[in-house]
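Given the structure is predicted, the values throughout are model-derived calculations rather than measurements. Counting begins at 1 with the first residue of the sequence.
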Amino acid sequence: MVSFTVLVTALAAAATSVTASPLEMLKRGIQPGTGTHNGFFYSYWTDGRGSVDYNNGARGSYNVKWNNVNNWVGGKGWNPGPPRKVAYNGTWDNYKVNSYLALYGWTTSPLVEYYIVEAYGTYNPSSGTSKLGTIEDDGGVYDIYKTRRTNQPSIQGTSSFDQYWSVRRVKRVGGTIDTKKHFDEWSKQGNLKLGTWNYMIMASEGYQSSGSAEIEVREAS
């Protein structure tokens, strides 16, 4: 994800390209950005390449189709996003392309981007890094990782920041996620510190791919 300033710049550039004609923009559903819908926060970002048709639905649901994108990410959740137990369900069948289905969010001070990955496609986000530990949650095992991003888009503009990951070994689409358990184990096993809560969404993401998803998120009891 990126800051509003970077988003505006990307949209301005896209507006001058063939792929971002007025007709093409209409095909994309709502425009990229953040807001609230039916009591949920939503965030939707694209770098402007390819097409994304993202639409918010009832309650915490959304549906999206993307075609020949470079990078996009979006979904529904909460802002701020402190620890909570999250339930989700839906359809996501992007195992043969580069895509993630993940609980995704940010903190500030320190600036951290985090993923609790429920399913992924052709690229395993843990590639090239070392495992820091494991977490058991909702009948599954997740591996913990940390990566570093340097001079990359963020919610505070172009910045350098850490990424924290929990990657589920057995992929799934639907279940509950105890975020407090993940956050506590990140700190305990990997000394991975989080800051002030920014948003938390149940996100779909595509990178250099085409795909679709229909997801609903809610707070579990």
Identify the two heavy atoms, one from Tyr142 and one from Val117, that lie closest to each other, and give their separation to 0.1 Å. CE2-O, 3.9 Å

Nearest atoms (heavy-atom pairs only) where Gly195 meets Thr107: N-OG1, 3.1 Å

Any sub-3.5 Å donor-acceptor pair from Ser210's side-chain atoms to Asn68's backbone N or O? yes

Evaluate the side-chain proximity of Asn89 to Glu216: yes if any heavy-atom separation is below 4.5 Å, no if none is. yes

Looking only at atom types and distance, does a side-chain atom of Lys76 sit under 3.5 Å from a main-chain N or O of Gly57, one as donor and one as acceptor? yes

Quick one, Asn151 with Ser160, criterion side-chain contact (heavy atoms from CB on, under 4.5 Å). Give me CA distance, side-chain angles, the key distance, then yes/no. CA-CA 5 Å; Asn151 296 327; Ser160 297; 3.7 Å; yes

Counting only heavy atoms from other residues, nucleotides and ligands, does the tally under 6.0 Å from NZ of Lys188 exceed 12? no

List the atom of Gly81, the atom of Met200, and the distance in Å for their closest heavy-atom pair. O-CE, 3.3 Å

Enter the distance from Lys85:NZ to Arg218:CZ here, rounded to the nearest 0.5 Å. 11.5 Å

Between CG of Asn67 and OG of Ser209, what distance do you get to the nearest 0.5 Å? 9.5 Å

Decide yes or no for Tyr44 and Val64: does some side-chain heavy atom of the first lie under 4.5 Å from some side-chain heavy atom of the second? no

Checking Trp66, Tyr62, Trp45 against Tyr54 for ring-ring contact (aromatic ring centres under 6.0 Å, His included), the one that qualifies is Tyr62

Please check if the side chain of Gln189 supplies one atom and the backbone of Thr134 the other of a donor-acceptor pair under 3.5 Å. yes

Considering all heavy atoms of both residues, which atom of Tyr42 and which atom of His37 are nearest to each other, and what is their separation? CD2-CB, 4.1 Å

Backbone of Gly174 reached by a side-chain donor or acceptor of Tyr88 within 3.5 Å: yes

Take Gln163 and Thr147 through the test side-chain contact (heavy atoms from CB on, under 4.5 Å) and record every step on the way to the result. CA-CA 5 Å; Gln163 294 176 312; Thr147 53; 2.8 Å; yes

Shortest non-hydrogen pair, Tyr104 vs Glu113, comes out as OH-OE2, 2.7 Å

Would you give the length of the straight line joining atom CG of Asn55 to atom OG of Ser61, rounded to the nearest 0.5 angstrom? 10.0 Å

Does the side-chain contact (heavy atoms from CB on, under 4.5 Å) test come out yes or no for Asn98 and Gln208, once each step is laid out? CA-CA 7 Å; Asn98 194 344; Gln208 297 181 351; 5.7 Å; no

Distance col, row Ile144:CD1 vs Thr129:OG1, nearest 0.5 angstrom, shows 12.0 Å

Let me see the working for Val217 and Trp78 under side-chain contact (heavy atoms from CB on, under 4.5 Å), right down to the final yes or no. CA-CA 10 Å; Val217 68; Trp78 302 269; 3.8 Å; yes

Is any side-chain heavy atom of Ser204 less than 4.5 Å from a side-chain heavy atom of Ile215? yes

If the test is ring-ring contact (aromatic ring centres under 6.0 Å, His included), which one of Tyr114, Tyr164, Phe161, Tyr115 qualifies with Trp106? Phe161

So, Asn94 side chain and Ser212 main chain: donor-acceptor pair closer than 3.5 Å or not? yes

I'd like to check Ile116 versus Asp137 (side-chain heavy atoms, cut-off strictly below 4.5 Å). Are they in contact? no

Backbone of Pro110 reached by a side-chain donor or acceptor of Thr108 within 3.5 Å: no

Using modelled atom types only, decide if a donor and an acceptor are shared between the side chain of Thr179 and the backbone of Arg84 within a distance under 3.5 Å. yes

Is any side-chain heavy atom of Trp165 closer than 4.5 Å to a side-chain heavy atom of Lys146? no

For Tyr120, is there any backbone N or O sitting under 3.5 Å from a side-chain donor or acceptor partner on Lys171? yes

To check you understand the geometry: which heavy-atom pair defines the closest contact between Arg172 and Leu101, and what is its length? O-CD2, 4.2 Å

To the nearest 0.5 Å, atom CD of Gln152 lies from atom OG1 of Thr158 at 8.0 Å

Ignoring hydrogens and geometry beyond distance, is a side-chain donor-acceptor pair present between Asn71 and Glu205 at under 3.5 Å? yes

